[in-house]
Amino acid sequence: MARYNAWQNDGLRKLLPQMDVADLIQERGAFFGSIMKTVNHLLWGDQVWLSRFGYPISVLKTADRGVDVTKTASEWAAERFRTDAAIKLWSLGLKAVDLTGDLVWTNTLGVRNSEKTWVCATHFFNHQTHHRGQVHAMLTAAGQTLPDTDLTYLPQEQ
């Protein structure tokens with residue numbers, strides 16, 4: 001799933017910096033509103049979850065669920081590349097035993113949580129797919145064409 005995540009984000013990293021800023025920040029009725037806010041939330045969420053899993057990554061500072069962590073599509077693309085590399089490294093180092101037991105963390109609202117680690121890892125990848133689906137719909141509505149998203153088309157070299 002880490003390879004799939006990086007593959008899909010690579011397409012966004014190539015497309016978003018070429019788009020007009022107005023299209024990226026336009027409110028489109030999605031949960032986070034705009035394309036830019038949604039990709040920022042996803043970037044930030046990935047960093048937060050990696051840090052919860054114990055991976056040493058700097059989490060970008062934000063005021064509200066990550067929607068403002070980068071200001072431009074180019075800045076986002078650079079951070080996305082760095083974060084996707086970290087996700088791949090983290091996943092390559094995982095062993096089955098790493099997904100057993102409970103993960104305990106305090107969320108961004110200060111609430112302490114505990115859940116099975118494997119459930120958290122599943123959520124991590126599902127969260128990415130969920131929000132990228134929203135981004136895909138917004139990009140389609142903005143007149144953009146994206147490559148295939150089917151897992152069966154994942155290139156082997158990713």
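Side-chain contact check for E79 versus Q47: some heavy-atom pair is nearer than 4.5 Å. When side chains are defined from C-beta on, L139 counts as touching L16, because their heavy atoms get closer than 4.5 Å. Annotation: side chain of K116 is not in contact with side chain of L103 (no heavy-atom distance under 4.5 Å). Side-chain contact between V111 and T106 is absent, with no heavy-atom pair separated by less than 4.5 Å. Residues L42 and R132 are in side-chain contact: their nearest non-hydrogen atoms beyond the backbone lie under 4.5 Å apart. In this structure, the side chains of E115 and D102 stay at 4.5 Å or more apart for every pair of heavy atoms. At least one side-chain heavy atom of D84 sits under 4.5 Å from a side-chain heavy atom of I87.
Looking at every heavy atom in both residues, V67 comes nearest to F32 through CG1-CD2, 3.5 Å. Nearest heavy-atom pair, H41 versus R65, reported as atom, atom and distance to 0.1 Å: ND1-O, 2.6 Å. Of all non-hydrogen atoms in T72 and M36, the two that sit nearest each other are O-CE, 3.3 Å. Taking both residues in full, the closest heavy atoms of E75 and V69 are given as OE2-O, 3.9 Å, listed atom of the first, atom of the second, then distance.
Linking Ile, Leu, Val, Met, Phe, Trp and Tyr whenever their side-chain heavy atoms come within less than 4.5 Å leaves F53 and V104 in two separate clusters. Linking ILVMFWY residues whenever their side-chain heavy atoms come closer than 4.5 Å, directly or via other members, leaves L94 and V48 in distinct clusters. Note: the hydrophobic cluster containing L12 also contains I25 (ILVMFWY, side chain heavy atoms under 4.5 Å, direct or indirect links). If you chain together hydrophobic residues whose side chains sit under 4.5 Å apart, M1 and L92 never meet in one group.
W49 pairs with exactly one of Y55, W105, F125 by the ring pair (Phe, Tyr, Trp, His ring centres under 6.0 Å) rule, that one being W105. For the side chain to side chain donor-acceptor pair (under 3.5 Å) with N40, the qualifying choice from T62, T70, D68 is T70, the only one to do so.
The CD1 atom of I35 lies 7.5 Å from the CD atom of Q144; values are rounded to the nearest 0.5 Å.
Using a 3.5 Å distance cut-off with no hydrogens or angles, the side chains of N107 and R112 do not pair a donor with an acceptor. Between the side chains of Q26 and S34, no donor N or O sits under 3.5 Å from an acceptor N or O.
For W118 and F124, the gap between ring centers reaches or exceeds 6.0 Å. Taking the six-membered ring for Trp and the full ring otherwise, the centers of W44 and W76 sit at least 6.0 Å from each other.
A donor-acceptor pair under 3.5 Å is absent between the side-chain atoms of R52 and the main chain of C120, judged by distance alone.
Of the charged side-chain nitrogens involved, at least one lies within less than 4.0 Å of a carboxylate oxygen, so that D10 and R13 count as a salt-bridged pair.
In this structure, H131 and H127 have perpendicular ring planes: the angle between them is above 60°, well past the 30° mark.
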